[in-house]
Structure formats: structure tokens, C-alpha cells
Q: 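Sharing a structure below in C-alpha cells format, with a few things to ask.
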Protein chains: 2
Amino acid sequence: MPTLSKPAKIVTAAMLAIGDELLSGRTKDKNIAYLADFLTVHGIDLKEVRIVADDQPAIVEALNALRHKYDHVFTSGGIGPTHDDITADAIAAAFEVPIDHDPRAINILKSHYAGTQYELTTARMRMARIPDGASLIENPVSGAPGFSIENVHVMAGVPAIFQAMLGELSPGLEGGERMLSATVDCPFGEGTVGDALGKIQKDNPETAIGSYPRHDGKRYMTQIVVRGRGQNSIDRAVKAIHKMLDELAS
Amino acid sequence: MPTLSKPAKIVTAAMLAIGDELLSGRTKDKNIAYLADFLTVHGIDLKEVRIVADDQPAIVEALNALRHKYDHVFTSGGIGPTHDDITADAIAAAFEVPIDHDPRAINILKSHYAGTQYELTTARMRMARIPDGASLIENPVSGAPGFSIENVHVMAGVPAIFQAMLGELSPGLEGGERMLSATVDCPFGEGTVGDALGKIQKDNPETAIGSYPRHDGKRYMTQIVVRGRGQNSIDRAVKAIHKMLDELAS
């Protein structure tokens with residue numbers, strides 16, 4: 001009789017990357033891949049990413065679609081001191097809450113700039129605009145904080161600051177049962193193993209089996225990745241893959 | 001009296017990148033930035049990018065949202081020979097058209113594999129599945145074609161093949177008036193120029209002025225990018241930026 005196990009706790013997330021420069025080709029995004037790795041470690045499944053321009057209707061529409069659908073939404077970009085930094089205002093509009101200069105954020109900026117050659121200009125004060133009801137995310141790199149409002153975490157686009165802010169969020173993020181994976185290097189191309197691999201996937205429905213082609217300049221090879229939440233089911237699928245490869249090689 | 005100019009012809013696009021491996025962190029996407037550059041050259045505005053998993057409902061939902069909203073949609077990934085390559089079937093489902101092995105695609109695969117050590121397995125025949133009504137996109141790298149259906153262009157995820165397929169599409173893509181840009185390197189941080197720059201943006205509404213912080217290890221600097229469709233309006237904004245910088249430096 002099979003053991004009845006508790007269904008795995010699944011925690012989902014989406015990312016919303018904001019910035020004209022990502023869509024024009026000027027800047028190559030580095031935050032998506034970093035967040036993907038970070039969430040995998042935390043047992044949170046990244047299910048969708050969207051990139052939109054610095055355009056309030058586009059940000060509001062994407063944010064409202066994502067925040068109702070996933071447990072967490074992580075945003076990057078648009079929280080600096082210039083006129084094109086409109087993310088905080090767009091988030092407030094999406095949540096339909098007021099936004100103003102936040103006394104906590106003003107204090108952070110005051111003490112940050114007190115120790116520098118820079119003045120707290122009107123432009124820099126823009127970075128103290130925080131929607132009502134948000135909690136701040138500390139920025140150990142350059143002072144100006146990010147913020148979390150309900151399930152939405154709003155962070156800077158500069159990779160060093162994005163990563164530092166994720167580090168600040170990390171202790172408070174409750175993950176689900178972690179996705180485990182195993183990789184099998186396969187000396188054959190996808191087209192050679194495809195039929196047998198499809199059958200192995202059918203026989204191992206608790207796992208998701210992905211195959212990724214590589215070409216070493218001479219011939220095609222495949223990396224086969226088995227993902228799932230149970231080590232036993234992953235081991236079973238990996239064993240079946242090795243058996244298939246032995247048969248193909250003989 | 002100002003000259004009345006014809007409104008610029010604007011052509012818009014979205015990208016849909018498909019693949020579990022992009023969301024798990026296993027693979028760092030290289031196609032988004034390439035497409036962004038490609039479309040800028042072609043006078044097509046990339047307005048939105050979405051990344052979704054190899055999951056039919058997720059692909060169908062994203063594709064139907066994007067294809068009705070933008071002039072073109074470019075997809076990457078999920079058209080290989082294994083069970084996790086479900087993009088062609090998902091596209092057919094989104095358009096509600098039948099899908100089967102396409103005689104044109106079968107011929108391409110037959111002649112491609114005839115010249116190799118590989119057989120046209122059932123798995124490889126999967127790559128001949130093309131939705132009804134689609135035209136094929138040639139694949140000069142590895143044979144198996146992509147396809148266009150209405151305003152949706154379906155391409156491989158392997159960057160070399162994605163890029164080659166875009167090259168095939170290129171002559172047939174009609175762009176709009178090209179977005180022009182000018183970059184001004186500014187020796188001050190965003191917070192120092194922010195107030196004045198916001199005023200320059202207000203005075204130059206035909207341009208979009210973006211500012212991007214850099215830190216050289218010692219101090220903050222800013223790249224200011226002016227974008228727009230008229231060289232004269234860009235020149236006016238750039239002149240105003242140089243004037244501001246001169247005033248700040250004096």
C-alpha cells in the first residue's frame with residue numbers, strides 16, 4: 001500500500017522588470033537570472049517574468065495581473081531620483097493607495113547623504129516617495145530604500161543593489177518544499193533520445209524532465225534535467241534515463 | 001508657422017520567451033537582448049516581454065494577450081524534438097487551428113537528415129508539426145523550420161538558430177519610423193542632475209529622456225539617453241542638457 005504523503009507546499013512568484021532601456025537593447029538585464037537562482041534556493045517557483053517600459057499604465061496592468069495570480073511579485077527598476085523613475089507612483093496607483101514622502105525613508109536618506117559630498121536635492125527626495133502601508137527594504141549599497149507592499153517587493157534595477165535588497169528580504173521569505181533536480185549528460189542528440197525520453201516522462205509523472213541541446217562543433221549532445229519535489233521519484237527517473245542510454249550505446 | 005508633419009508610423013512588438021529552464025535559472029536568456037537590438041534597427045518598438053514555462057495554458061494565455069495588443073509577437077523556445085517541446089501545439093491551440101505534420105516541413109527534414117548520420121526518428125518528425133495556415137521560417141543552422149502565423153513568429157530558443165531565423169524574417173519585416181537616440185555622458189550623479197533634467201524633459205515632450213547611473217568605484221556618474229523620432233527635437237534636448245552640465249560645472 002503506498003504511503004499517503006502530504007501534498008507539497010508550493011510557493012509561487014513572478015518578476016516584473018521595469019525599464020525602457022531593457023526593451024531598447026541599451027541594457028542587458030542581469031536581474032532575471034539572479035532572481036531565478038535566488039528563488040530556486042528559497043523553494044519558491046518563479047512562474048512568469050514580464051518586462052515593461054517606464055510607462056504607468058503598462059506597469060499598473062502588469063502588476064495587477066501578476067500580484068493576484070502569484071504568492072510574490074518582485075520588481076526591478078525605476079526607483080531612482082530622476083523624472084523617468086516612476087515605479088513607486090505606479091505601484092501606489094495599482095494598489096489605489098496614496099503616496100508621499102515617507103518620514104522613515106527621509107531619515108534614511110538624510111543620514112546617508114550627511115556622510116557624503118552629496119546634497120539631499122529635490123530629485124534625491126523623490127526616492128523617499130513610498131506608498132501608504134508599505135514596509136521598507138534596506139539598501140546597504142546606496143541608501144535609498146526599496147519597499148514591500150502586500151505581496152509585492154519593489155527593488156532597484158542596478159544589479160548590485162537589486163541583489164543586496166534580495167539579501168535583506170531573504171530571512172523573511174517563507175519558501176515551499178524545495179524543487180530538487182538532477183542532470184544527466186547524454187552523448188546523443190535530442191532527436192535520438194526523444195522518443196524514449198517521452199516514454200520515461202510518461203512513466204514518471206511526479207517529475208518534469210527537460211532536455212537541452214548542445215553542439216560541441218562536431219555533434220549534438222543533450223543535457224537531460226529531471227526536476228521534482230521528491231528525491232525518490234527523481235532517482236527513479238534518472239535510473240530509467242541511464243538504462244535508456246546504456247541500451248542506445250550497446 | 002510650424003510645418004505640419006505627418007504623424008510617425010509606429011510599429012510595435014512583443015516577445016514571448018518559452019522555457020522552464022529560463023525560470024529555474026538553469027539557462028540565462030540571450031535572445032531578449034538580441035531581439036531588442038534587432039527590432040531597434042528595424043524601426044519596430046519592443047513594448048513588452050514575457051517569459052513563461054513549457055506549459056500550454058500559460059503559453060496560450062500570454063500569446064493571446066500579446067498578439068491582439070501588438071503588431072508582431074516573436075517567440076523563442078520549445079520547437080525541438082522532445083516531449084517538453086510543446087510550443088507549436090500551444091500556438092495552434094491559441095489560434096484554435098488544427099496542427100499536423102506539414103508536408104513542406106517533412107521535406108525539409110528529410111533532405112536535411114539525408115545528408116547526416118542521423119535518422120528521421122518519430123521524435124525528429126515532431127519538428128514537422130506546424131499549425132494550419134502558417135508559413136515556414138527557414139532554419140539554415142539545423143534544418144527544422146520555425147513558422148509565422150498571422151502576426152506571430154515562432155522561433156527556436158538556441159541563440160544561434162534564433163538569430164538565424166530572425167535573419168530569414170528580416171527582409172519581410174516592415175518597420176516604422178526608426179527610433180533615434182543620442183547619449184550624453186554626464187560626470188554628475190542622477191541626484192545632482194535630476195531636478196534640471198526633469199525640467200528639460202518637460203520642455204522637450206517629443207523626446208523620451210532616460211538616465212542611467214554608473215559608479216566607477218569612486219563616484220556616481222550618469223548616462224543620459226535622449227530618444228525620439230525627430231533628429232531636430234533630439235538635438236534641441238541634447239543642447240539643453242549640455243547647457244545644464246556647463247552651468248553645473250561652473
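Numbers restart at 1 for each chain; the letters A, B, ... are given by sequence-line order, proteins then strands. When reading the values below, keep in mind they use all heavy atoms of this one structure, side chains included, and skip hydrogens, waters and symmetry mates.
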Q: Kindly say whether I209(B) contributes a backbone atom to a donor-acceptor pair with the side chain of H83(A) at under 3.5 angstrom?
A: yes

Q: Who in residues 108-118 of chain B is close to chain A, using a strict under-4.5 Å heavy-atom cut-off?
A: Q117(B), Y118(B)

Q: Show your working on side chain to side chain contact (heavy atoms under 4.5 Å, CB included) between E119(A) and T192(B) and close with a plain yes or no.
A: CA-CA 8 Å; E119(A) 279 170 53; T192(B) 303; over 6 Å; no

Q: At a 4.5 Å cut-off on heavy atoms, which part of D45(B) comes close to chain A: side chain, backbone, both, or neither?
A: neither

Q: Could you check D55(B) against K47(A) for side chain to side chain contact (heavy atoms under 4.5 Å, CB included), going step by step and ending with a plain yes or no?
A: CA-CA 10 Å; D55(B) 173 61; K47(A) 305 291 276 184; over 6 Å; no

Q: Identify which of M127(B), Q201(B), R214(B) forms the greatest number of heavy-atom pairs closer than 4.5 Å to chain A.
A: Q201(B)

Q: Which atoms of T40(B) are under 4.5 Å from chain A, going by heavy atoms: the side chain, the backbone, both sets, or neither?
A: side chain

Q: Using a 4.5 angstrom heavy-atom cutoff, name the option from M15(B), R126(B), E190(B) with the most pairs to chain A.
A: E190(B)

Q: Tell me, for R227(B) versus chain A, whether the close heavy atoms (under 4.5 Å) come from the side chain, the backbone, both or neither.
A: side chain

Q: Where along residues 18-34 of chain A does a heavy atom come under 4.5 Å of chain B, listed by residue number?
A: D20(A), E21(A), L22(A), L23(A), S24(A), G25(A), R26(A), K28(A), I32(A), A33(A)

Q: Heavy-atom pairs under 4.5 Å with chain B: which of L46(A), D85(A), L120(A) has the most?
A: L46(A)

Q: Please flag which part of V193(B) lies under 4.5 Å from any non-hydrogen atom of chain A: side chain, backbone, both or neither.
A: neither

Q: Should we count CD of E206(A) as having more than 12 external heavy atoms under 6.0 Å?
A: yes

Q: Report the option among A53(B), A144(B), P81(B) that has the most heavy-atom pairs separated by less than 4.5 Å from atoms of chain A.
A: P81(B)

Q: Among all residues two or more places apart in sequence or in another chain, which pass the side chain to side chain donor-acceptor pair (under 3.5 Å) test with N204(B)?
A: none

Q: Pick from V158(B), L197(B), T122(B): which one has the most heavy-atom pairs with chain A under 4.5 Å?
A: T122(B)

Q: With a 4.5 Å cut-off on heavy-atom pairs, point out which of V49(A), L35(A), T82(A) contacts chain B the most.
A: V49(A)

Q: Taking all non-hydrogen atoms of both residues, which atom of G191(B) and which atom of A123(A) are closest, and how far apart?
A: O-CB, 3.7 Å

Q: Using heavy-atom distances under 4.5 Å, tell me whether V52(B) contacts chain A through its side chain, its backbone, both, or neither.
A: both

Q: Which residues, numbered in order, of residues 180-189 of chain B come under 4.5 angstrom of chain A by heavy-atom distance?
A: none

Q: Please indicate whether E61(B) has more than 12 foreign heavy atoms, meaning atoms of other residues, nucleotides or ligands, lying under 6.0 Å from its CD.
A: no

